[in-house]
Amino acid sequence: MPSESLRWETLQALKNSPKGKISFDPFWLERGEPLLAGCKDSPSLSPIAGVILERLSSAPLQKSLSFLGSRSGDSSPVLSEVSISSSGSVPDVSARTAAFSAAASVKNEREQVKDESPEADVSGVSSPTSLPAISLLSPKAMEMAGCIIKVQEEHREKAKLALRVRQEMQENQVVAVASAESEQLKRFEELMELKQRQEYQSMRDMMERETKESIGRQEKLKEEQRRRITLVNLRLREAEQQRLREAELERQRQAEGRERLRSLNSIQEEILQLNQLLEPSTQTKTDLPPASLSSYSTRGNQLCSQVSEVVRKTAEGDFPSLEDMTVAERALHEMRALIRLMQEEAAKVREKKKKEQEQEEERRKQAELLAKQEGEKKAAQLAKEKAQRKGLQNSAEDVTLKWYKDLQEVATRCAQSFEQLNSAKDGQTKKLKLELQKAATIPVSQIASNSGSQLREIFDKIDKLLSGRPVVSGGKSVSTSQHPQGLEFASYKLAEKFVKQGEEEVASHHEAAFPIAVVASGVWELHPQVGELILAHLHKKCPYAIPHYPPMKEGTPVDEYQRILGYRVDDSGVEGQDSFLKRMSGMIRLYAAIIQLKWPYSSKQGPVPHGLNHGWRWLAQMLNMEPLADVTATLLFDFLEVCGNALMNQYRSQFWKLILKHFTCILWYHDCI
């Protein structure tokens with residue numbers, strides 16, 4: 001079917017023609033172009049038409065051309081070639097359409113030739129009536145042409161419909177924009193109206209506020225005026241009251257002055273009477289030596305002179321001041337204390353004489369027993385030495401006991417030396433005693449395991465106190481030089497506090513032994529009397545630090561003997577074994593730390609005041625004594641844990657010999673622990 005294939009090629013050619021490529025452009029109206037300009041162009045054949053024409057047979061084509069030439073009377077060979085007869089044998093519509101397009105193009109060329117050569121003969125040009133040769137096409141060609149025209153009409157209708165749709169869309173957009181602009185204009189007008197109302201409201205509020213402020217200012221001015229009037233009245237009343245108070249104070253001052261004057265006169269009278277008691281002429285029956293009587297009399301005369309000087313100032317018409325009364329009262333107190341000291345000294349002299357007499361009688365009585373007891377003592381000593389050679393000791397060595405007794409005597413003498421200060425009844429002396437006790441004990445209480453750099457500050461404070469320099473305690477300045485017995489009192493309380501810290505603080509926190517011990521060692525080095533008192537207090541509270549197991553004497557109550565062994569005894573009974581061992585452990589740990597530590601900031605060169613040799617002696621004697629259940633094991637463990645390493649470094653092989661020698665005993669102690 002060649003005709004069917006040519007038909008499709010013809011349709012393809014029409015599709016590719018300018019009319020078949022009509023496209024909608026939304027900007028036609030803006031550019032001013034006609035909407036159907038592409039549809040009104042003259043028809044023309046595409047380049048594919050030449051190929052179609054070549055396929056057509058030549059005989060039918062010539063027949064058609066000759067038929068066209070006879071009808072049109074045109075001699076042009078080109079027109080004859082492109083004209084198509086209705087009786088032709090070419091059934092292809094595409095061929096006929098191509099021929100029609102070729103004839104149109106030949107016509108155009110001839111018109112151009114006519115324009116170029118106006119001299120040519122125009123008679124031979126075929127008239128326009130020659131073009132309706134298309135009507136001679138076959139019915140199928142006409143049907144195809146009608147289809148083409150119908151398609152063109154459909155394209156025109158679609159273009160018109162698209163145009164109408166676009167116009168409607170544009171109109172809708174214009175209406176929407178107009179409505180939006182109208183709404184926006186309304187909102188703008190409403191906003192302007194709101195701003196005007198707000199401005200009006202703000203102006204009205206500002207006016208009301210200014211009105212209220214003016215009214216408030218007026219009220220404030222009125223209130224200020226009333227306040228000033230009230231203040232003036234108050235000042236007038238205060239001035240009057242001040243005048244009355246001053247007059248009353250003046251009367252009180254006069255009355256107090258007269259009262260102080262009477263008190264001063266009575267003080268002078270009492271001092272003169274007391275001074276007569278100090279005169280040597282009135283002390284004929286006393287046992288005091290003349291030197292003491294003379295010193296007391298001299299001091300009494302000095303106190304009388306002080307009071308007489310105060311009275312001499314008041315003789316000029318002035319009343320004595322508070323300072324004058326203080327001087328007079330202090331002189332009276334000192335005079336009374338002087339009398340009391342003289343009486344106590346006289347009583348001590350009489351008591352001493354009485355004791356000497358009694359001792360003399362006692363010596364005479366004991367002299368007879370000495371000879372008998374001497375032999376018994378020698379026999380007992382020999383038996384004791386033999387028992388010691390054979391086994392363990394039951395008591396401390398004689399040298400150790402003598403050292404223990406000497407320390408206790410030192411502590412007793414120190415306590416007796418400040419007996420007057422300790423038993424003072426006047427308020428000023430009691431206050432001084434309390435301040436000295438606080439200054440001595442509070443720094444020691446501040447020593448703890450985490451003291452660090454505070455140790456030097458604490459040590460300096462204690463050193464100042466023991467050196468007689470003033471220190472600040474509780475916001476007040478206090479010094480041992482304020483009382484003749486202040487140094488002994490402070491030393492005794494300080495040593496007692498060190499031992500108490502070992503008994504309580506070290507017993508609870510073992511690491512606190514070293515900071516407390518290093519401060520105690522530094523104080524011991526500069527003030528040896530404090531070190532002796534520390535040992536005396538330690539031996540009294542913990543006799544195992546000597547070491548010594550006090551024997552129970554005949555007639556001694558059990559409670560008293562428990563107290564001698566170191567137990568605390570009160571109304572509720574004897575303390576428990578755990579509490580007792582804890583306290584003993586704390587004191588032994590403190591002692592073990594003291595014998596190995598030296599104050600690091602000391603300017604003196606030399607060993608520790610109470611060095612490791614005492615620790616070596618204690619360890620040797622402790623191992624040689626009969627062990628006590630719980631006590632010996634606990635104290636040896638604590639002692640070796642604190643200073644065992646120091647003893648090993650100091651004595652080396654001797655230390656190991658001592659340990660190995662008593663190895664069995666140490667194992668027993670370990671089992672006890």
Exactly one of Q501, K497, K438 should register a side-chain hydrogen bond (donor to acceptor under 3.5 Å, both in side chains) with S445. Which one does? K497
If I take atom CD1 from residue I516 and atom OG from residue S521, how far apart are they, to the nearest 0.5 angstrom? 13.5 Å
Give me the atom names and distance for the closest heavy-atom approach of P607 to K598. O-NZ, 3.9 Å
Kindly say whether L466 contributes a backbone atom to a donor-acceptor pair with the side chain of D463 at under 3.5 angstrom? no
With a 4.5 Å cut-off on side-chain heavy atoms, are K476 and K431 touching? yes
Separation between OG1 (T480) and CZ (R469), nearest 0.5 Å, reads 10.5 Å
Is any NZ, NE, NH1 or NH2 atom of the basic residue among K500 and E503 found under 4.0 Å from an Asp or Glu carboxylate oxygen of the other? no
Once rounded to the nearest 0.5 Å, what's the spacing between atom CG of L272 and atom CE of M335? 8.0 Å
For the residue pair Q242 and R245, confirm or rule out a side-chain donor-acceptor distance under 3.5 Å. yes
For E240, is there an ion pair with R243 - N to carboxylate O distance below 4.0 angstrom? yes
To check you understand the geometry: which heavy-atom pair defines the closest contact between I534 and A520, and what is its length? CD1-CB, 4.4 Å
List the steps and the verdict of salt bridge (charged side-chain N to carboxylate O under 4.0 Å, His left out) for E356 and K353. CA-CA 5 Å; E356 288 178 354; K353 288 183 178 181; over 6 Å; no
Apply the test salt bridge (charged side-chain N to carboxylate O under 4.0 Å, His left out) to residues R253 and E250: give CA-CA distance (whole Å), side-chain angles for both, the deciding distance (0.1 Å), then the verdict. CA-CA 5 Å; R253 191 182 66 82; E250 181 63 22; 2.7 Å; yes
What are the two closest non-hydrogen atoms of I546 and Q621, and how far apart are they? O-OE1, 4.4 Å
W403 ring center near H548 ring center (under 6.0 Å): no
Smallest heavy-atom separation, L590 atom then A513 atom, equals CD1-O, 4.0 Å
Do Q343 and I339 pass the side-chain contact (heavy atoms from CB on, under 4.5 Å) test, and can you show the C-alpha distance, the side-chain angles, and the key distance before you say yes or no? CA-CA 6 Å; Q343 293 174 353; I339 295 295; 3.4 Å; yes
Using the six-membered ring wherever Trp is involved, compare the ring planes of F580 and Y544 and label them parallel, tilted or perpendicular (cut-offs 30° and 60°). perpendicular
Output, in order, the C-alpha distance, side-chain angles, deciding distance and verdict of side-chain contact (heavy atoms from CB on, under 4.5 Å) for R226 and I229. CA-CA 5 Å; R226 289 193 294 270; I229 293 172; 5.6 Å; no
Return yes if some donor-acceptor pair links the side-chain N/O of S508 with the main-chain N/O of E504 below 3.5 Å, else return no. yes
Are the charged groups of R563 and E560 less than 4.0 angstrom apart, N to O? yes
Report yes if the side chains of M325 and L264 come closer than 4.5 Å at any heavy-atom pair, otherwise no. yes
With rounding to the nearest 0.5 Å, note down the distance linking CD in Q428 to NE2 in H483. 10.0 Å
Could you tell me whether the side chain of K582 and the main chain of A507 form a donor-acceptor pair under 3.5 Å? no
Given 3.5 Å as the limit, does a donor-acceptor pair link the side chain of S585 with the main chain of L581, or not? no
Expected list for residues 411-421: side-chain donor-acceptor pairs under 3.5 angstrom, two or more places apart:
{"residue": "T412", "atom": "OG1", "partner": "Q408", "partner atom": "O", "Å": "2.8"}
{"residue": "S417", "atom": "OG", "partner": "C414", "partner atom": "O", "Å": "2.5"}
{"residue": "Q420", "atom": "OE1", "partner": "Q485", "partner atom": "NE2", "Å": "3.3"}

Going by the side chain to side chain contact (heavy atoms under 4.5 Å, CB included) test, name the single residue among I594, L597, V523, I447 that passes it with V518. L597
Indicate yes or no for a side-chain donor-acceptor contact from Y567 to the backbone of D559 under 3.5 Å, with no hydrogens or angles considered. no
Hey, does the side chain of R583 reach the backbone of K541 with a donor-acceptor pair shorter than 3.5 angstrom? no
Identify whether the distance between the nearest side-chain nitrogen and carboxylate oxygen of K348 and E351 falls below 4.0 Å. no
In terms of side-chain geometry, is the basic nitrogen of K402 or D406 positioned less than 4.0 Å from the acidic oxygen of its partner? yes
Sequence neighbours left out, cut at 3.5 Å: what donor-acceptor pairs do the side chains of residues 609-616 make with other protein atoms?
{"residue": "H610", "atom": "NE2", "partner": "Y591", "partner atom": "OH", "Å": "3.0"}

Hey, mind stepping through E248 and L244 against side-chain contact (heavy atoms from CB on, under 4.5 Å) and telling me if it holds? CA-CA 6 Å; E248 182 66 23; L244 295 175; over 6 Å; no
Using a strict threshold of under 4.0 Å (side-chain N to carboxylate O), is an ion pair present between R227 and E224? yes
Do S473 and E435 come within less than 4.5 Å of each other through their side chains, counting heavy atoms only? no
Derivation of the side-chain contact (heavy atoms from CB on, under 4.5 Å) call for N422 and Y492: CA-CA 12 Å; N422 198 29; Y492 190 87; over 6 Å; no
For a 4.5 angstrom cut-off between non-hydrogen side-chain atoms, does I442 reach K461? no
Are R262 and E259 close enough for a salt bridge, meaning some N to O gap below 4.0 Å? yes
Report yes if some heavy atom in the side chain of P547 is under 4.5 Å from a heavy atom in the side chain of W618; otherwise report no. yes
For a quick test of reading the model, state the closest non-hydrogen atom pair linking L494 to A440 and the distance between them. CD1-O, 3.3 Å
Is L432 close to V478 at the side-chain level, that is, under 4.5 Å between some pair of heavy atoms? yes
On a heavy-atom basis, which atom in S467 and which in H527 lie closest, and how many Å separate them? OG-CE1, 3.8 Å
Any side-chain heavy atom of L535 within less than 4.5 Å of one from W524? yes
Distance from M584 atom CE to D638 atom CG, nearest 0.5 Å? 11.5 Å
May I ask you to decide if L436's main-chain N or O and Q482's side chain share a donor-acceptor pair within less than 3.5 Å? no
Check whether any side-chain heavy atom of M587 sits under 4.5 Å from a side-chain heavy atom of V499, and report yes or no. yes
Counting only heavy atoms not in Q252 (residues, nucleotides, ligands), do more than 12 fall under 6.0 Å from its CD? yes
In Å and rounded to the nearest 0.5 Å, what is the CG to CG distance from L636 to L619? 6.5 Å
